[in-house]
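Chain letters run A, B, ... following the sequence lines, proteins first and then strands; every chain starts at 1.
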Number of protein chains: 4
Amino acid sequence: MKRSSIKHRAILDAAIEVADRDGYASTTIEAIAAVAGVGKQTIYRWWPSKSALFIEVYEDLVDRRLLTARTGNLSSELTELLQNLFRIYRQTPAGRVLVGLVAEASANADIRNVLSAGIVAGRAEIVTDLVRKHAPPIVGELPGIDPEIVNEVLVALVWKRLAIAPDRLDDEAAAEIAGIALAAARREGVL
Amino acid sequence: MKRSSIKHRAILDAAIEVADRDGYASTTIEAIAAVAGVGKQTIYRWWPSKSALFIEVYEDLVDRRLLTARTGNLSSELTELLQNLFRIYRQTPAGRVLVGLVAEASANADIRNVLSAGIVAGRAEIVTDLVRKHAPPIVGELPGIDPEIVNEVLVALVWKRLAIAPDRLDDEAAAEIAGIALAAARREGVL
Amino acid sequence: MKRSSIKHRAILDAAIEVADRDGYASTTIEAIAAVAGVGKQTIYRWWPSKSALFIEVYEDLVDRRLLTARTGNLSSELTELLQNLFRIYRQTPAGRVLVGLVAEASANADIRNVLSAGIVAGRAEIVTDLVRKHAPPIVGELPGIDPEIVNEVLVALVWKRLAIAPDRLDDEAAAEIAGIALAAARREGVL
Amino acid sequence: MKRSSIKHRAILDAAIEVADRDGYASTTIEAIAAVAGVGKQTIYRWWPSKSALFIEVYEDLVDRRLLTARTGNLSSELTELLQNLFRIYRQTPAGRVLVGLVAEASANADIRNVLSAGIVAGRAEIVTDLVRKHAPPIVGELPGIDPEIVNEVLVALVWKRLAIAPDRLDDEAAAEIAGIALAAARREGVL
DNA sequence: TCGTAATCGAGACGGTACGTCCCGTCTTTTC
DNA sequence: GAAAAGACGGGACGTACCGTCTCGATTACGA
């Protein structure tokens, strides 16, 4: 349906605009509807809640813009990936949206599942693929890097810093976080 | 005048009870007041917001119960510390309260500051002291463990798991998290 | 959009019922909303305050029921008019509502203006028309009855008795008040 | 008790000051206590309610200042009496206090009784004495002026104007009201 | 080309919690 | 040991949004 998809886009854009202006928590469905030039019901027709809408908003913001790094060693590519992500967080409300979503996830199992399946697991392979491309898997007694751990530490640190010190997500932080995540995942081989 | 310490205690207890029953987000000041047998104003007199009240609740829950580990090597003491913490999260609403607080911190700079100064920084030294007790500091080119990184990775991983999979914070998770945090903080000496 | 006239009626009826039960001053918007089966906001949407709502309630009560007298001389028609009014005051909370409104008018200029324009001036012509129908206007030196004075004395006496001795507004009082008001307004011609 | 009477006076003065500043309805016991430099309890010790306190305030304001007229005919003495009263209403919050009291009387039978016994009946004789001094009583068929009616019409008109148009209580209004009240009370003898 | 049905904006609605205000009582502290 | 200072339980205030539910106006399609 053409008409629907125009509205759909208008609602996402309005949500981004209002979240940017008012912050995630202060964003109301009413305000989004008004900015989108749409009735409240039209939003509820497609999304059951603010959170559901913003999960899509987050994916929209990040997917549209997150360019994967191309060359270099593991550490530099990971750093570049984070730098791109942090740039998005600085230029759009994506970071604040993410924290808001994590916040609501804590109170609502449905959102928790969608968030964990969508944003966490869904995006995990970007990182794990990157790791696997560069580092040999852990086989037997040989040392290696566990891609899952890289991803979990990465996600955890980004969330924590978004929540506690959202202003300090700059290029330097990206390198620091990448370093910590890689160190955390390095497994020594048994000699 | 002076706050009545009986009321004070009754309000904290009521907050714990209601948060346990209804979850942090669904906990209302009105419900706490009713359970505590207290007027709403009495709560607002001493705490400016639900978050402020629950920061105290969290500290109350954790401080009263968190016994520091005593013996063993760094890894096992850290693991034991986390196991104690996770036990509290299982027996009380402290974990859900913490996640709720982090959630609100994302929307409110005041809470963010109090949370980061109180619960994060305030509790940091429990971990950093533990690390310093066992591991030599990083001096010059010698390898060592950075206590701050241990703490940050610990906090980040605990928060993330509380938010995403609060049910799986068991003894095994404690060991796993402790291992990751120590690995993350190990710095190789330059040979 | 448009207000639902069903709700509108339900709210007026609930207000009458609650005022009758609890008295004007003890009537709360919350109680009216509950009795009307309506959200508080629905009342605030259409009336800015309790007073505004009750001005409409008063008009509703009196307008729906106040039948003008038909035949007889001035004195008897005026008496009958008052008797009808007092009957309303006995059967409905209209009298207590009026006194409550006058009370609030004293503290609030907006209400004062609405009350004085609506209930006082708006209803004045019922009396003045009656007087003009029977009595020759005051022309030159001839004696006559000033309709405005009749009305003002009437209103003042009714209010005062409502405030001080609301139980004694019976048929006898109607005749007495009518007599005083007519006497007050009789102007002697200059001989 | 000397100490008491000083406080007593301080409370009355504070009540006058606050009522003048904030208006009767917005005056709180707390504010009076603060201005008087007195605990709330001290006020409640002597007066059961705001209304009771202000009945005394009203009597204090009017009794201390209302000088009875001395010479002239009935009409001019009555006019002068009202002019004095209206001067008090312009210089002090007495008028606003009176209207506030009448307002509360409508909701509270106790206050109604005290008000009607104290301010209305208690002050009635000032007017009735004045009338009796000048006008022969109504005896048999002879014409005369009924002092009670003079008083009631006077009181009613003053209250009504205080409530509806408190700004227009000037010397002219005094004369007008006196005229109406005397006309209302004049009884024709049966010839 | 038009009438009719579906769609959609606008926003009214019942409801819940908010944070504030002030009441009249009770408690603590100070002088 | 009285009284100021003010904490307290209580209850209404008026506001903000929630998610649902009308209501007309606007569309867009089938006749």
**OP:** Check ring-ring contact (aromatic ring centres under 6.0 Å, His included) between D/Trp47 and all other residues, then give those that pass, not counting sequence neighbours.
**Re:** D/His8

Original post:
Between F/dT15 atom P and C/Lys50 atom NZ, what is the distance in whole Å?
Top reply: 16 Å

**OP:** Rounded to the nearest angstrom, tell me the gap between atom CD1 in B/Ile6 and atom P in E/dC26.
**Re:** 16 Å

**OP:** Strictly below 4.0 Å, heavy-atom distances to any atom of DNA chain F: list the hits from residues 95-102 of chain D, or just say none.
**Re:** none

**OP:** List in chain and number order the residues that pass salt bridge (charged side-chain N to carboxylate O under 4.0 Å, His left out) with C/Glu56, two or more places apart in sequence or in another chain; answer none if no residue qualifies.
**Re:** none

Original post:
If you measure from CD1 on A/Ile32 to CG on A/Asp13, what distance do you get to the nearest 0.5 Å?
Top reply: 11.5 Å

**OP:** List in chain and number order the residues that pass side-chain hydrogen bond (donor to acceptor under 3.5 Å, both in side chains) with D/Ser116, two or more places apart in sequence or in another chain; answer none if no residue qualifies.
**Re:** none

**OP:** Quick one: closest heavy-atom pair of B/Ile16 and B/Pro93, and the distance?
**Re:** O-CG, 3.6 Å

Original post:
Quick one, which residues of residues 29-43 of chain A touch DNA chain E with a heavy atom under 4.0 Å?
Top reply: A/Gly37, A/Val38, A/Gly39, A/Lys40, A/Thr42

Subject >> Pairs meeting criterion side chain to side chain donor-acceptor pair (under 3.5 Å) with involvement of residues 18-27 of chain A, two or more places apart >> reply: A/Tyr24-A/Glu104

**OP:** Can you tell me the distance, in whole Å, between the CZ atom of B/Arg45 and the P atom of E/dG19?
**Re:** 16 Å

Original post:
Separation of B/Ile11 atom CD1 from F/dG9 atom P, in whole Å?
Top reply: 7 Å

**OP:** Can you sort out the partners of A/Asp60 under side-chain hydrogen bond (donor to acceptor under 3.5 Å, both in side chains), two or more places apart, ordered by chain and number?
**Re:** A/Arg9, A/Arg64

Original post:
What is the distance from CH2 of C/Trp47 to C1' of E/dC13, rounded to the nearest Å?
Top reply: 14 Å

Original post:
With sequence neighbours left out, which residue pairs that include part of residues 36-45 of chain B fulfil the salt bridge (Lys or Arg N to Asp or Glu O under 4.0 Å) condition?
Top reply: B/Glu30-B/Lys40

Original post:
Any side-chain N or O of B/Trp46 less than 4.0 Å from the OP1 or OP2 oxygen of F/dC8?
Top reply: yes

Original post:
Could you give the OH-to-P distance, from B/Tyr44 to F/dA12, as a whole number of Å?
Top reply: 18 Å

**OP:** Report the residues that fulfil salt bridge (charged side-chain N to carboxylate O under 4.0 Å, His left out) with B/Glu17, sequence neighbours left out, ordered by chain and then residue number.
**Re:** none

Original post:
Please give, in whole Å, the distance from F/dT20 C1' to C/Lys7 NZ?
Top reply: 13 Å

**OP:** Using a 4.0 Å heavy-atom cut-off across all strands, classify C/Ser49 as base, sugar-phosphate, or nothing.
**Re:** nothing

